[in-house]
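In what follows, every heavy atom counts, from backbone to side chain, and hydrogens, waters and symmetry copies are set aside.
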Amino acid sequence: MTGIWGKTTAKESIRRISPLILIIVNYFSSHLLYRRFASWCWVPILAVYYFLIAVIVFMLGENGHYREWFAKSKGRRVWRVMGIVFFSLFSLPYFVMNISLLNNASMIVLSIVYSLVNPFFEELYWRRVLLAGTKTNGVLSVLISSIFFTVNHPAAFSLLNTTFTEPGFLVVTFMYGLMWSVLFKKTGSLRWNYATHAMVNFASLSVLVFMNVYVPAFSM
């Protein structure tokens, strides 16, 4: 049997259902953990999320290709420049306007750690594993990866901050997913995806959003 994911093998079956597994597990773990840890539940939620991604990567044998993950970028430099400009325009203004909220050392350290760790797992899964696993139509593969990437955010974090269910947030997240997918397709590497994703995570004050200290104006 073949389809948008290519030939259906055991590994490809895992790849096909893996985004649904991640979204469902994130949804239920967030509801269970929120009762116990309240605004700090994002820490164990992310731990479970990253662990599942690691399991999927090993089950698919993707760990054997680790040298390719951050290989030298290919393609035209214009795509890398466009990526930096795009993500800078969307994230840096929010950071400049709200930088005063990063007013204690613990939040700064947590923000830095999150911004360095999260992009590794998310880009590895949503772009390298899922996007690259859709074998036929390039546009369709980008849409599939971006839609699942977007849906995962409210599934995991909607209890923490109303931002994650705002239409504006979902639109921006989908646009981010599209741009990161195109950037990966055009460069063949996660280098620039990781760098821009880390910038977005830090500039968006993600940890403060998780803690419900900062509520971005995403209403539409």
In one Ile/Leu/Val/Met/Phe/Trp/Tyr side-chain cluster, 4.5 Å: [X], [Y]:
X: Trp42; Y: Phe51; answer: yes
X: Leu131; Y: Met175; answer: yes
X: Ile56; Y: Tyr66; answer: yes
X: Phe28; Y: Phe37; answer: no
X: Leu33; Y: Ile24; answer: no

Say you draw a straight line from [atom1] of [X] to [atom2] of [Y]; how long is it, rounded to the nearest 0.5 Å?
X: Leu60; Y: His65; atom1: CG; atom2: NE2; result: 9.5 Å
X: Ile112; Y: Asn201; atom1: CD1; atom2: CG; result: 13.0 Å
X: Phe164; Y: Ser158; atom1: CZ; atom2: OG; result: 9.0 Å
X: Ser39; Y: Phe210; atom1: OG; atom2: CZ; result: 12.5 Å
X: Tyr34; Y: Ser29; atom1: OH; atom2: OG; result: 14.5 Å
X: Arg35; Y: Leu159; atom1: CZ; atom2: CG; result: 9.5 Å

For this session: State, to 0.1 Å, how close Ile45 and Ala156 come at their nearest heavy-atom pair, and which atoms those are.
Result: CD1-O, 3.7 Å
For this session: Looking only at non-hydrogen atoms, find the nearest pair between Thr163 and Val215 and report the distance.
Result: OG1-CG1, 3.6 Å
With no hydrogens and no angle check, is any side-chain donor or acceptor of [X] less than 3.5 Å from a backbone partner on [Y]?
X: Asn98; Y: Tyr94; answer: yes
X: Thr187; Y: Leu183; answer: yes
X: Ser146; Y: Gly177; answer: yes
X: Asn212; Y: Asn161; answer: no
X: Asn118; Y: Tyr114; answer: no
X: Asn104; Y: Met107; answer: yes
X: Ser145; Y: Val142; answer: no
X: Arg15; Y: Val129; answer: yes

Check whether any side-chain heavy atom of [X] sits under 4.5 Å from a side-chain heavy atom of [Y], and report yes or no.
X: Tyr214; Y: Leu102; result: no
X: Arg76; Y: Lys186; result: no
X: Ser91; Y: Tyr176; result: yes
X: Pro154; Y: Leu170; result: yes
X: Lys185; Y: Val182; result: no
X: Met211; Y: Trp40; result: yes

For this session: Take Tyr125 and Leu22, measure what side chain to side chain contact (heavy atoms under 4.5 Å, CB included) needs, and give me the verdict at the end.
Result: CA-CA 10 Å; Tyr125 176 74; Leu22 281 173; 3.4 Å; yes
Exercise. Can you name the salt bridge (charged side-chain N to carboxylate O under 4.0 Å, His left out) partners of Arg80, sequence neighbours left out?
Worked result: none
For this session: Indicate yes or no: does Glu123 engage Arg128 in a salt bridge with an N to O separation below 4.0 Å.
Result: no
Exercise. Would Ser189 and Glu68 count as a side chain to side chain contact (heavy atoms under 4.5 Å, CB included) if you check the C-alpha gap in whole Å, the side-chain angles of each, and the deciding distance to 0.1 Å?
Worked result: CA-CA 7 Å; Ser189 171; Glu68 301 172 15; over 6 Å; no
For this session: Would you sort out whether Ser18 and Phe148 count as a side chain to side chain contact (heavy atoms under 4.5 Å, CB included), showing the intermediate values?
Result: CA-CA 10 Å; Ser18 62; Phe148 280 127; over 6 Å; no
[X] vs [Y] aromatic rings, parallel, tilted or perpendicular, using cut-offs 30° and 60°?
X: Phe90; Y: Phe86; value: tilted
X: Phe95; Y: Phe202; value: tilted
X: Tyr27; Y: His31; value: tilted
X: Phe70; Y: Tyr194; value: perpendicular
X: Trp180; Y: Phe87; value: parallel

Exercise. If you draw the axis of the six-membered ring of Phe184, does the NZ or CZ of Arg191 fall within 45° of it and under 6.0 Å from the ring centre?
Worked result: no
Problem set entry | Other residues, nucleotides, ligands: >12 heavy atoms within 6.0 Å of Trp69 CH2 | yes
Problem set entry | Worked verdict on Ser204 versus Val209 for side chain to side chain contact (heavy atoms under 4.5 Å, CB included) | CA-CA 8 Å; Ser204 300; Val209 177; over 6 Å; no
